[in-house]
Each structure stands twice: as structure tokens, then as C-alpha cells.
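Naming convention: chains lettered A, B, ... in sequence-line order (proteins, then strands); numbering from 1 in each chain.
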Amino acid sequence: MPFDFNLISVDPAGARLGRISTDHGAVDTPAFMPVGTQGTVKTMSSRDLREAGASIILANTYHLYLRPGEKIIEEAGGIHRFMSWDGPVLTDSGGFQVLSLADLTRIGDDGVEFKSHLDGSTHFLTPERVVEIQLSIGSDVMMVLDHCASYPCDHPAAAEAAARTALWARRSASVGGTRIVRGGCERVLFGIVQGSVYPDLRERSCREITALDFPGYAIGGLSVGEPKAETLEMVELTARCLPAERPRYLMGVGFPEDIVEGVARGVDLFDCVLPTRNARNGTVFTSEGKLVLKNAVYARDFRPLDSRCGCETCRTYSRAYLRHLFNTGEMLGPRLATIHSLYFYLHLLEEMRQVIREQRFERWREEFYRRYGRSGTKIVSRP
RNA sequence: UCCUGAGUAGCUCAAUCGGUAGAGCAUCCGGCUGUUAACCGGAGGGUUGUAGGUUCAAGUCCUACCUCAGGAG
């Protein structure tokens, strides 16, 4: 089945229900993509991911290119076979690494020069080369190489990054178009909108990118340090400029409340390291807010992490036990915490799909905040 | 009983010629947004075994005692 996006319904509030079809299966949207940068969602097996409710995962072109190298993944039969994940895979282009590895990069209109964070070797990546690498990796959704500007970023610099992103989008699409059939599977290329926090730049970027007719569009360069109100304003504005019949992907977002607000503004796809990274570092997300496992209050708290959760961790283990695992440095701790937080995220999205289907997203959102807290960062009730 | 060595933060140890006590771990608390992250940051915590002495000044030098370890008998 070729790539397709079917917009099923739109809630009166603006939230969208849809379905993405790929040769590796379907993704009901709005959806959250667990981040598996190096071809693994840290601590999670493929079966764990399925049981947590994942339908699509994200991997990173830059990291896989450095290690093990895209040729090895190609020899293995592609990323799906290599990591034994038969669902859809989206690969990020490495555009974010332009920002996160800023000390090791030099950027020009031709492309980006990376100094490998592993061995210091230098690599020059062009937008064309990044598409070719992703074709070798075998992802279902490829992202164009973009220039993700830092924050704060003045207007001229943001304009330059957005213009470069548009130039690179054209060059990316010139490799084989925006839909490429390879190995019996259709691979699609998503464009990325930039423009920092400047409405005029966001609008211009939208026009330039959508002119290239990508099968999907990402909103990039947000949640890089700007105030939340600005993030939401940019999401809202950008979503309005994007074609309704194509999926919209808000890159790198976010906290549960950020995702709820993104869905409310018509976003279909999200990814973020927060549920996995924070879990490994001892903080999990629950229906009542975040829970910092290492805190002493949980030493004798024998309740599950989240009484409303049905994950393996919550069905089997207590807060006190998880705290013990973290305090002793046992590796089961990060694993059980990751299982929980991903389950929580993925089921939060499932819940949102349900209420959009039933046209009651707005009321549900109020209920969510009553339980979770407006700030979304409160410590859950003490024992 | 004698000889030698050692007693400093909860633990393991630093501290120059005598100059006004630090670190790692542990504890407690934060942070983490397209992963350079099982990571990073902060805080609390001391009558330096006890009692004297020398000195402007003692964790440091001297005396006695206490405790521990090793050795001798």
C-alpha cells in the first residue's frame, strides 16, 4: 500500500483525526513517535514498543550514518529488518544536530560540515546526500535536511535559516521527487517549515515549502527555548498555512500538555525524547503530573506509579520499588520507567483520538488539565 | 607488656615549610522538548579520637591517654 493520509474528522475545536498508511502499516493520528535515535528506543525491545502502544518510531539519519553506517543497514535489509521493527519508521535528517552539535558544525548553503562527536572525523552532508542515506536506511518517512535556528535568533539570521531550509527542500526533492519507490516500498519525503518566532518568516517558509508539494509537512525549530506562548502562536499560524489534506508534524514536542495543545491546533504527529530520557533519569509522567522517582517521599509508597495506568510497570511494581531501583543504580529502573512513560504518552494520544472521534475534545481537555495540572509539572499527591 | 602505623563529613581518603579543612561516593533537591544525555546541576553535612602544651597561628609540632591494625614477646 502506498503512502497515504486520510483525514477522517475534525473536531469543532480544531483537533484532527486521521490515518497515515504506509507499506509498513498504518498510523492513527494524532500520534506520538517514540525516539529511537540510534535504531533503538533506549531500553525497549520491539515487543516492548508494541505493548506500549507504539505504531511508528523515529530514528536519526546522522547517528545511523556515523554508526553503523547506512551501508550496513542496507545490507541488513533496511532499518526494519536490522532492528526487528516491522512498523513504520520516520528518520530525522540531522537538521536538529546542526543545532544540538553546533560547536561541531559549520553550515553553508551547500550543506553542513560535521565534526563527528565520536572520533572527530569531518563529514560533509548535503541535502541530496541526506536523502540518499535515508533511502539506504530504508525509512518510510524521510525528513529533508533543514537549518534549525537556535533561540534567541534575530530576524536576519532566522530569515537566512528559513531561506536555506527552502533551498535545501528544493534540492532534496530533486533527488527523486517527494515519493520514491525503492525495494517495493514507497518512501516519502516531508518538508520542514522554519522561521523561528517571526510570523512573517513562518508564513513565507510555509509558502515556499508547500509549493514543493510534499506528502507531509513538519513544523520545525520550535521548543528550542522560546516562551510557550510563542510556540503555540507559531504552531497555530503555521497549521493554518498548511494544506488540510496533508499530515502535520510538530518536531521535538514535547511535554504532555504541549502535545495536547498541539493536537488542539491541528497537529497530527509528534516526537520527543522527554518520556524516554526523563524516564531513564528518574522522572516519569503520570495522569496526575510528573513523578520524580528518586524523591524520598516514595521510599514507602507501595502504590503503582499511576493508578489509572495499565502498563506492565504499573500492573506489577510499586513506586517504592522503582525508587529503590534508581537509588541502587539498577538497570531495570530505567527500563520499567520507560515502559511506563511511553505507555502513558501513547495512551494519552489514543485517548485524544477517541474524544476527537466523539467530538468532545474540548471538554476532555478541561478534564485532562484538572487532573494533570495547568503547569503540568506538579508533583503528584503524597502518600 | 613492648614496638610500629593509623584515627579528618555517613563511607573512602586529600590538605605543600605550621597559615585558618577539601574531593569522590552516599544523602536530599532541581533540570532535561526533531537524544553528544542510565545524564547534568545545586544543597546540606566537621569542636580534625580525647585532654593538655609550644606558637601570633596547630589537622600538621610535643606529652599523656583512648581506639583500631600489624609486628615482637
Side-chain angles (χ1 to χ4, degrees), chain A residues 32-44 57-64 66-67 90-105 114-120 130 139 141-151 165 190 192-194 217-228 231-232 235 249-259 261-262 267 269-285 290 292-299 322-323 325-338 341 345 376-377 379:
Chain A
F32 178 79
M33 302 183 280
V35 176
T37 301
Q38 316 219 54
T40 162
V41 177
K42 298 181 195 300
T43 77
M44 299 283 280
I57 60 169
L58 175 148
N60 191 287
T61 306
Y62 170 74
H63 296 263
L64 293 175
L66 284 183
R67 228 171 21 180
L90 177 147
T91 39
D92 187 24
S93 59
F96 185 71
Q97 278 62 48
V98 171
L99 171 65
S100 65
L101 304 177
D103 294 345
L104 302 171
T105 61
F114 284 95
K115 225 173 150 192
S116 164
H117 65 280
L118 297 171
D119 62 6
V130 166
S139 48
V141 178
M142 307 179 284
M143 300 305 300
V144 298
L145 183 65
D146 64 329
H147 183 174
C148 182
S150 57
Y151 181 89
T165 296
F190 276 21
I192 303 177
V193 174
Q194 287 290 342
Y217 295 97
I219 305 169
L222 291 176
S223 282
V224 290
E226 77 283 3
K228 284 207 177 190
T231 315
L232 293 179
V235 170
Y249 163 29
L250 179 54
M251 305 185 83
V253 171
F255 284 96
E257 66 272 26
D258 300 333
I259 293 174
E261 293 309 305
V267 174
L269 283 172
F270 301 86
D271 81 279
C272 193
V273 301
L274 277 173
T276 46
R277 180 193 288 167
N278 283 20
R280 289 196 305 285
N281 293 338
T283 299
V284 295
F285 294 94
K290 75 170 183 181
V292 182
L293 283 166
K294 287 186 259 197
N295 285 1
V297 279
Y298 303 118
L322 268 287
R323 177 177 195 274
L325 292 177
F326 272 96
N327 280 346
T328 49
E330 286 291 337
M331 57 206 290
L332 183 60
R335 184 172 132 73
L336 293 179
T338 302
S341 272
Y345 264 65
T377 53
I379 303 289

*May I ask you to verify if any side-chain N or O of A/Asn60 is less than 4.0 angstrom from the OP1 or OP2 atom of B/U35?*
yes
*Would you mind classifying the nucleic acid contact of A/Thr43 as base, sugar-phosphate or nothing, using non-hydrogen atoms under 4.0 angstrom?*
nothing
*Which residues pass the side chain to side chain donor-acceptor pair (under 3.5 Å) test with A/Thr91, sequence neighbours left out?*
A/Gln134, A/Ser139
*Can you check the A/Met33 CE to B/U35 P distance for me, whole Å?*
11 Å
_Stepwise ring-ring contact (aromatic ring centres under 6.0 Å, His included) check, A/Phe114 with A/Tyr62_ = CA-CA 10 Å; A/Phe114 284 95; A/Tyr62 170 74; 4.5 Å; yes
*Taking the P atom of each, how far is B/U60 from B/A9, in whole Å?*
15 Å
_Given 3.5 Å as the limit, does a donor-acceptor pair link the side chain of A/Ser341 with the main chain of A/Phe285, or not?_
yes
*What is the nucleic acid contact for A/Leu118, judged by heavy atoms within less than 4.0 Å: base, sugar-phosphate only, or nothing?*
nothing
*B/U63 and B/C3: how far apart are their P atoms, nearest whole angstrom?*
12 Å
*Check the distance between B/U36's P and A/Arg67's CZ and give it to me in whole angstrom.*
13 Å
*asked:* Going by salt bridge (Lys or Arg N to Asp or Glu O under 4.0 Å), name the residues that satisfy it together with A/Asp258, two or more places apart in sequence or in a different chain.
replied: A/Lys228
_Let's test your reading of the pairing rules: Watson-Crick or G-U wobble, both distances under 3.5 Å, then write RNA chain B as a dot-bracket string with ( ), [ ], | and dots._
(((((((..((((.....[..)))).(((((.......))))).....(((((..]....)))))))))))).
*Between the side-chain atoms of A/Asp146 and the base atoms of B/G34, is any donor-acceptor pair under 3.5 Å?*
yes
*Roughly how many Å is it from CE in A/Met251 to P in B/U35, rounded to a whole number?*
8 Å
*What nucleic acid atoms does A/Gly94 come within less than 4.0 Å of, heavy atoms only: base, sugar-phosphate, or nothing?*
nothing
*Quickly work out the A/Phe270 CZ to B/G34 C1' distance and round it to whole Å.*
13 Å
_A/Phe285 CZ to B/U33 C1', straight-line distance once rounded to whole Å_ = 9 Å
*Could you work out the separation of B/G19 and B/A57 based on their P atoms and round it to a whole Å?*
14 Å
*Take atom C1' in B/A72 and the same atom in B/A51, then report the distance between them in whole Å.*
30 Å
_Tell me which pairs pass side chain to side chain donor-acceptor pair (under 3.5 Å) where either residue lies in residues 96-105 of chain A, with sequence neighbours left out._
A/Asn60-A/Gln97
_Taking 4.0 Å as the cut-off, does a side-chain nitrogen or oxygen of A/Gln97 come that near to OP1 or OP2 on B/G34?_
no
*Using the P atom as the reference point in each nucleotide, state the distance between B/U4 and B/A64 in Å, no decimals.*
11 Å
*asked:* If I compare all heavy atoms of A/Leu269 with all of A/Phe190, which pair ends up nearest, and what's the gap?
replied: CD1-CE2, 4.2 Å
*Counting side-chain heavy atoms from CB outward, which of B/U33, B/G34, B/C29 is closest to A/Leu274?*
B/U33
*What interatomic distance, in whole Å, is found between P of B/C62 and the corresponding atom of B/U16?*
15 Å
*Residues which pass side chain to side chain donor-acceptor pair (under 3.5 Å) with A/Asp92, listed by chain and number, not counting sequence neighbours*: none
*Can you name the side chain to side chain donor-acceptor pair (under 3.5 Å) partners of A/Tyr345, sequence neighbours left out?*
none
Using atom names, set out every protein N or O paired with an N or O of nucleotides 24-27 of chain B below 3.5 Å, distance rounded to 0.1 Å.
none

*Expressed in whole Å, how much space separates the P atoms belonging to B/C13 and B/G73?*
30 Å
*When all nucleic acid strands are considered with a 4.0 Å heavy-atom cut-off, which category describes A/Thr276: base, sugar-phosphate, or nothing?*
base
*What is the distance from NZ of A/Lys290 to P of B/C29, rounded to the nearest Å?*
12 Å
*Mark yes or no for whether A/Gln194, through its side chain, and A/Ile192, through its backbone, hold a donor-acceptor pair below 3.5 Å.*
no
*Which residues pass the side chain to side chain donor-acceptor pair (under 3.5 Å) test with A/Ser116, sequence neighbours left out?*
A/Asp119
_Pairwise C1' distance for B/C40 and B/A6, with rounding to whole Å_ = 38 Å
_Using a heavy-atom cut-off of 4.0 Å across all strands, would you classify A/Glu226 as base, sugar-phosphate, or nothing?_
nothing
*Applying salt bridge (Lys or Arg N to Asp or Glu O under 4.0 Å), name anything that partners A/Arg280, two or more places apart in sequence or on another chain.*
none
*asked:* Protein within reach of the bases, or only the backbone? For nucleotides 37-42 of chain B, mark each nucleotide 5' to 3' as B, S or -, using heavy atoms under 4.0 Å.
replied: BSB---
*Would you indicate which nucleotide in B/G34, B/C29, B/U33 comes nearest to any side-chain atom of A/Ser93?*
B/G34
*Selected nucleotide, minimal atom distance to A/Asn278 side chain, candidates B/G34, B/U33, B/C32*: B/C32
*Are OP1 or OP2 of B/U33 and a side-chain N or O of A/Ser223 less than 4.0 angstrom apart?*
no
*asked:* Expressed as a whole number of angstroms, how long is the span from A/Asp92:CG to B/U35:C1'?
replied: 11 Å
_Whole-Å distance separating the OH atom of A/Tyr345 from the P atom of B/U33_ = 11 Å
*Residues which pass ring-ring contact (aromatic ring centres under 6.0 Å, His included) with A/Phe96, listed by chain and number, not counting sequence neighbours*: none
_Which nucleotide wins on minimum distance to the side chain of A/Phe255, given the candidates B/C29, B/C32, B/U36?_
B/C32
*CG of A/Asn281 to CG of A/Leu293: how many Å apart, nearest 0.5 Å?*
11.0 Å
*Taking only residues two or more places apart in sequence, or in another chain, which ones meet A/Gln38 in a side-chain contact (heavy atoms from CB on, under 4.5 Å)?*
A/Thr40, A/Lys42, A/His63, A/Arg67
